[in-house]
Amino acid sequence: SSMIGAPAAAGGRWIVDALERDAVSAASRRFPLKRDAVADGASDGESDGSDVSDSDSDASDGASVASEDTLDDDADDDRPDPRFVMPVLYAALDGAENADAAVLARRSRDSGLAAYCLAALASRRAATRAYAYGCVDLMNHAAKSEASAADGSFRARKAFSLLLDAVRAGAATKRGGFDVPGGPRFPCLSACAAGAVADALADP
């Protein structure tokens with residue numbers, strides 16, 4: 001994605017097997033909103049808050065993906081860290097071709113990583129959102145491919161792609177749209193709900 005200024009990690013298709021589904025799901029429900037996907041923290045700072053208020057983003061109820069993590073401290077739980085997940089997943093999706101990309105898109109949905117990326121759209125950190133939008137766009141492109149259409153085990157791909165299309169369209173209507181550094185910031189509940197829908201999609 002053109003929004004991503006930091007280099008992506010090499011390789012990384014193994015990530016869908018390396019992460020525990022329960023940990024990924026926990027992070028999707030309560031994403032570390034202040035964690036920067038650029039490991040040294042030297043990105044473009046926090047969101048300007050134009051599209052979501054702090055009171056909305058920091059709600060601590062169970063439906064929120066909010067977190068009180070400090071900007072760059074190590075996580076004190078088992079949630080996968082976006083400083084690790086986002087660059088590696090983006091590199092894997094960006095480097096995959098044809099059938100491999102289709103399989104990776106399906107497995108990203110199955111493993112909960114698609115929901116994780118959707119939750120990351122509520123991040124306060126522009127670099128994290130940029131990686132999340134990049135991953136979502138690459139998953140969607142792969143889901144629409146002929147290789148995905150031929151993948152008999154990805155029968156929910158149309159519903160998955162429609163969801164990602166809707167998220168992208170909704171983001172474009174935010175104030176500032178994609179002119180906002182990193183892309184527009186989703187309200188926490190919206191990001192969490194989109195992730196829950198992605199997780200709930202089942203192959204008919």
Checking Arg129 side chain against Leu121 main chain: does a donor-acceptor pair fall under 3.5 Å? no

Between Ala194 and Leu118, which heavy-atom pair has the shortest distance, and what is it? O-CD1, 3.6 Å

Going from CG on Asp94 to CG on Leu138, what distance comes out if it is rounded to the nearest 0.5 angstrom? 5.5 Å

Looking at every non-hydrogen atom in both residues, tell me the closest pair between Phe178 and Ala171 and how far apart they are. CZ-CB, 3.7 Å

Measure across Ser153 and Asp151 and return the closest heavy-atom pair with its distance rounded to 0.1 Å. OG-OD1, 2.6 Å

Measuring from Arg185:CZ to Lys174:NZ, what's the distance to the nearest 0.5 Å? 10.5 Å

Given side chains that start at C-beta, do those of Cys188 and Leu33 come closer than 4.5 Å, heavy atoms only? yes

To the nearest 0.5 Å, how far apart are CG in Leu164 and NE2 in His141? 13.5 Å

Mind checking whether Phe31 and Tyr116 have parallel, tilted or perpendicular rings, split at 30° and 60°? perpendicular

In Val24, Ile15, Thr128, the residue satisfying side chain to side chain contact (heavy atoms under 4.5 Å, CB included) with Val85 is Ile15

Check: Lys158 main-chain N/O paired with Ser161 side-chain donor or acceptor under 3.5 Å: no

For residues Leu89 and Ser108, determine if any side-chain heavy atom of one lies less than 4.5 Å from a side-chain heavy atom of the other. yes

How close do Pro184 and Gly177 get, counting heavy atoms only, and between which atoms? CD-O, 3.2 Å

Would you check if there is a donor-acceptor pair between the side chains of Arg21 and Ser25 at a distance under 3.5 Å? yes

Does any non-hydrogen side-chain atom of Leu19 lie less than 4.5 Å from one of Phe84? yes

If you group Ile, Leu, Val, Met, Phe, Trp and Tyr by side-chain heavy-atom gaps below 4.5 Å, do Met139 and Val103 land in one group? no

Closest approach of Ala126 and Pro181, non-hydrogen atoms and distance? CB-O, 3.5 Å

Which atom names give the shortest non-hydrogen contact between Ala37 and Pro87, and what distance separates them? O-CG, 3.6 Å

Could you go through the salt bridge (Lys or Arg N to Asp or Glu O under 4.0 Å) check for Asp165 and Lys144 one step at a time? CA-CA 11 Å; Asp165 280 340; Lys144 293 178 177 180; 2.9 Å; yes

Between Arg107 and Asp100 (salt bridge meaning N to carboxylate O under 4.0 Å), is one present in this structure? no

Interatomic distance, CZ@Arg109 vs CG@Leu201, rounded to 0.5 Å, equals 6.0 Å

Taking the cut-offs as 6.0 angstrom to the six-membered ring centre and 45 degrees off its axis, would you call Arg83 and Tyr131 a cation-pi pair? no

How about Tyr133 and Arg168: do any of their side-chain heavy atoms sit closer than 4.5 Å? yes

Side-chain heavy atoms of Met86 within contact of Cys117, under 4.5 Å: yes

Are Cys192 and Ser28 side-chain neighbours, meaning at least one heavy-atom pair lies under 4.5 Å? no

Can you find a heavy atom in the side chain of Val88 that is under 4.5 Å from one in the side chain of Trp14? yes

